[in-house]
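Working notes for the structure below.
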Amino acid sequence: MKCLVTGGNVRVLGKAAHSLSRIGDELYLEPLENGLSLRTVNASRSAFACFLFAPLFFQHYQAARPPQAQPPRCKVLMKECESLQAIFDPAQCPNLLRAPARVLVEAVAPFSPALSEVTLGVSPGRRVVFRSYLEEDTDATKAMMTEMSLNEEEFQQLEAQEGASITFCLKEFRGLLSFAESANLPLNIHFDVPGRPAIFTIEDSLLDGHFVLATLSEPDLCSQEPSRPGQGAHSTMHLDDFANDDIDSYMIAMETTVCEGAAVAPCTPSPLSEEEEAEPSVVPGTPPLKKFRSLFFGSVLAPTEPPCEPNPVLAEDSDGEG
Amino acid sequence: MRFRAKIVDLGCLNHFTRVSNTISKLAKTCTLRLSPDKLYFILSDKVANGGVSMWCELGQGNFFDEFQMEGVAADHNEIYLELTPENLSRALKTAQNAKTVKIKLTNKHCPCLTVAVELPSLSSSSRIVTHDIPVGVIPRKLWTDFREPTVPDFDVSIYLPVLKTMKSVVERMKNISNHVVIEANLKGEMNLKIETDLVCITTHFKDLGNPLWASEDASQDRDSENMAEARIDIKKLLQFLAGQQVNPTKALCNIVHNRIVHFILLHEDVSLQYFIPALS
């Protein structure tokens, strides 16, 4: 392989590598017919990212020498390795959100840099809402919750049902956002039901990038935020909402009884999809497990959970190992 | 019990944000007391705080365009909340270009102070950032823990030097000793002294001026050169000085010899009192 990058594209290549480094530790390089691919996956196999740079991106692009030979595939340490390819198809995702990178950067700015996961959804009234996700072992009476809601007009495209939502890793998303912002490109978010991976894409004539992130498989926002009767599960902040101020009932309750945390709705098992992915079964009635569905070799459970039965492999190593 | 308030003026918002930032540097948790005219941030002198206490008072009319509250009862028209001030600061940080900021007491999964920030957007309707800050409602029977401190029967009252200068002196002293002696007299002189086995360092301030208090009976007999002193924890002094974001209109301290140092900072619409007990 021999490629030559010059001028401003050197910086672009560097930024792409930098944003991949926010996901995984190893960079897989593979020169292909249609360009040079840079890919990475994170340690728990729940996030995958790739950039493809078209031959025109380079001053000189030669995939293999001599041209007929097998093009090398390398990890950054220049060792021979397997090909890394996740199975995903944006076209299969019913929901799509598209916005300039700058809008999305501003949308996630209010969240603490320490926040791990964020929930993105479409609220009644068709506002796009980002909300901080509280991990299960966090005390809800101590942690601050933040929500950002934007008008759908700020999005170039919004094809999603009201109530659709997914929860994914914010830190990994920020990696792609910073690249998209520096390249001044819009970002597409293709997503499906909770539990199925979300696909984030950017493209222009010289490159395209795909970040595939696992999403939490909780069915809806109800199980995340124990809500009192009468309040919607989606906490939408209407512009002039002072309606739910009533704390008197809380005061009465506080004085007469010990307050217990509201019960959290159990996670119902999703139907199995035979073709691509299978999910470990969930015992109804148990509290929801935090599970990021792995794109690769089985699912990843929270450390304290006992391992489930082994799951079908979603993406085999191309040379048959594993 | 209800509380709702709104800020629309950017200057008021910045000012309130600075107060919140100062409080968050002085206390990890504190009490927010709401009354029809005023807000208070209170830290009472529990052992857990190392004996330090704080009383910060704001006139609500100087900050809020709308301010409505209903206390726990008609004859106790106040609300006392336990709050982590850093959360309030973090919420206000997202409001830098806000069109409006609304703060209200809500009951989500627990009692919360909800801060709703309306931000400009290119579309027809604004962006809204909402922060739910969990708070604890303090029952009426505990309100006596949070009474306004009385001005102690001090030996000397003196205006402070420029806080920035005082802070940089104390910052350097902190590397050498854990304690500092603060002493002052009625001739407008103040010294900050540290002493170790190897070295003594004193910084002298002159011509600071002594405020006149209404009842000066005790101190009139005092020899004006006589220093009143207190040995205090240097980190607590530094924490107090480092928390100040704006130069106050008036800054003074009252020293009760070997007992306590009482700092008073006055801005146009905010007053802050901070007590640091003397070490034995």
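In this text the structure is predicted, and so the values were computed from the model without any measurement. By convention in this document, chain letters (A, B, ...) are assigned in the order of the sequence lines, proteins followed by strands, and residues within each chain are numbered from 1.
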Open item on the list: Once you measure the plane-to-plane angle for B:Trp143 and B:Tyr80, does it fall in the parallel (<30°), tilted (30-60°) or perpendicular (>60°) bin?
Closed with: parallel

Task: Side chain / backbone / both / neither for A:Ala143 at chain B, heavy atoms under 4.5 Å - done: backbone

Task: Heavy atoms of other groups near A:Arg126 CZ, more than 12 under 6.0 Å - done: yes

Task: B:Ala95 versus chain A, the contacting section by heavy-atom distance below 4.5 Å - done: neither

Open item on the list: Do B:Asp269 and B:His15 pair up side chain to side chain, a donor and an acceptor below 3.5 Å, judged on atom types alone?
Closed with: yes

Task: Engaged part of B:Thr94 at the chain A interface, taking heavy atoms whose separation is under 4.5 Å - done: side chain

Open item on the list: Is it the case that atom NZ in B:Lys25 sees more than 12 heavy atoms from other parts of the structure closer than 6.0 Å?
Closed with: yes

TODO: Please state whether the rings of A:Phe200 and A:Phe168 are parallel, tilted or perpendicular, taking 30° and 60° as the class boundaries.
DONE: perpendicular

Task: Contact residues of residues 181-188 of chain A (partner chain B; heavy-atom separation under 4.5 angstrom) - done: none

Task: More than 12 heavy atoms of other groups within 6.0 Å of B:Glu171 CD - done: yes

- [ ] Output every pair passing ring-ring contact (aromatic ring centres under 6.0 Å, His included) with a member in residues 93-114 of chain A, not counting sequence neighbours, ordered by first then second residue.
- [x] none

Task: Segment of B:Ser124 engaging chain A (4.5 angstrom heavy-atom cut-off) - done: both

Open item on the list: I'd like to verify something: which residue of B:Ile133, B:Asn87, B:Thr84 has the highest number of heavy-atom pairs under 4.5 Å with chain A?
Closed with: B:Asn87

Task: Among A:Ile189, A:Thr167, A:Val129, the one residue meeting side chain to side chain contact (heavy atoms under 4.5 Å, CB included) with A:Leu120 - done: A:Ile189

